[in-house]
Amino acid sequence: KYGRHYQKHKDFKSLSKAVDLMTNEITTQQVKKILGEPIDNGFDYRYLVDSTGSNNCNLGAVFTIDNQGKIKQKWVDEICE
């Protein structure tokens with residue numbers, strides 16, 4: 001439900017809730033099914049929203065992927081680099 005809402009509206013609230021509900025064992029295929037196609041950097045997947053946080057950085061979710069293609073870590077916050 002939250003993933004579909006995020007795909008349609010690209011809002012932080014539904015993205016955050018969808019990621020919070022994902023288990024630590026979720027696969028990259030399942031993430032794509034729930035949230036849609038990510039920005040794929042090879043070592044992580046990113047999903048952004050159309051707003052910025054208090055540090056003026058994009059808000060979004062990051063899924064860090066290991067060498068075997070499994071998700072090691074997931075988080076939702078400002079993405080400042």
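In what follows, residues are counted from 1 in the order of the sequence shown.
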Colleague: Between L35 and F12, is there a shared hydrophobic cluster once you connect ILVMFWY residues whose side-chain heavy atoms come closer than 4.5 Å?
Modeller: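 In one cluster: yes.
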Colleague: According to a hydrophobic-cluster definition based on side-chain heavy atoms being under 4.5 Å apart (Ile, Leu, Val, Met, Phe, Trp, Tyr only), do I65 and I34 belong together?
Modeller: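 Yes, it is one cluster - the side chains of I65 and I34 are joined through contacts under 4.5 Å.
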Colleague: Go through the structure and list residues passing side chain to side chain contact (heavy atoms under 4.5 Å, CB included) with N41, not counting sequence neighbours.
Modeller: I39, F43, D44, R46
Colleague: Which residues satisfy the side chain to side chain contact (heavy atoms under 4.5 Å, CB included) test with K33, sequence neighbours excluded?
Modeller: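 Here no residue qualifies.
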Colleague: Quick one: which residue pairs count as a disulfide (SG to SG under 2.5 Å) with a foot in residues 22-54, not counting sequence neighbours?
Modeller: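 Non-adjacent pairs meeting disulfide (SG to SG under 2.5 Å): zero.
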Colleague: Do R4 and Y6 have side chains that get closer than 4.5 Å, going by heavy atoms?
Modeller: no
Colleague: For H9, check side chain to side chain donor-acceptor pair (under 3.5 Å) against everything at least two apart and list the hits.
Modeller: none
Colleague: What pairs with T27 under side chain to side chain donor-acceptor pair (under 3.5 Å), at least two apart in sequence or on another chain?
Modeller: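 Q30.
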Colleague: If Ile, Leu, Val, Met, Phe, Trp and Tyr residues are connected whenever their side-chain heavy atoms lie under 4.5 Å apart, and connections chain through other members, are V49 and Y45 in the same group?
Modeller: yes
Colleague: So which heavy atom on P38 is nearest to which on K32, and how close?
Modeller: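 What the structure gives for the nearest pair is CD-CG, 3.9 Å.
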Colleague: Assigning hydrophobic clusters by single linkage (Ile, Leu, Val, Met, Phe, Trp, Tyr; side-chain heavy-atom cutoff under 4.5 Å), is V62 placed with V76?
Modeller: no
Colleague: Mind listing the closest non-hydrogen atom pair of F63 and I71 along with its distance?
Modeller: CD2-CD1, 3.9 Å
Colleague: Applying salt bridge (Lys or Arg N to Asp or Glu O under 4.0 Å), which residue pairs with at least one partner in residues 5-29 are found, sequence neighbours left out?
Modeller: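 Every pair satisfying salt bridge (Lys or Arg N to Asp or Glu O under 4.0 Å) with a residue in residues 5-29: there are none.
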Colleague: Check which hydrophobic residues are tied to L21 through side-chain heavy-atom contacts below 4.5 Å, counting indirect links as well, and list them.
Modeller: Y2
Colleague: Checking S16 now: which residues fulfil side chain to side chain donor-acceptor pair (under 3.5 Å) with it, not counting sequence neighbours?
Modeller: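 Side chain to side chain donor-acceptor pair (under 3.5 Å) check on S16 returns nothing, list empty.
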Colleague: Would you sort out whether W75 and V19 count as a side chain to side chain contact (heavy atoms under 4.5 Å, CB included), showing the intermediate values?
Modeller: CA-CA 7 Å; W75 56 272; V19 173; over 6 Å; no
Colleague: Can you give each donor-acceptor pair under 3.5 Å made by side-chain atoms of residues 52-61, sequence neighbours left out, with the distance rounded to 0.1 Å?
Modeller:
| unit_1 | atom_1 | unit_2 | atom_2 | d |
| --- | --- | --- | --- | --- |
| N55 | ND2 | E78 | OE2 | 3.2 |

Colleague: In terms of hydrophobic clusters joined by side-chain contacts under 4.5 Å, are L15 and I26 together?
Modeller: yes
Colleague: Are there more than 12 heavy atoms of other residues, nucleotides or ligands under 6.0 Å from atom CG of D66?
Modeller: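 More than 12 heavy atoms, drawn from other residues, nucleotides or ligands, come within 6.0 Å of this atom.
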Colleague: Please list, chain by chain and in numerical order, all residues satisfying side chain to side chain contact (heavy atoms under 4.5 Å, CB included) with N24, sequence neighbours excluded.
Modeller: K74
Colleague: Looking only at heavy atoms, what is the nearest atom pair of G3 and A18, with distance?
Modeller: N-CB, 4.0 Å
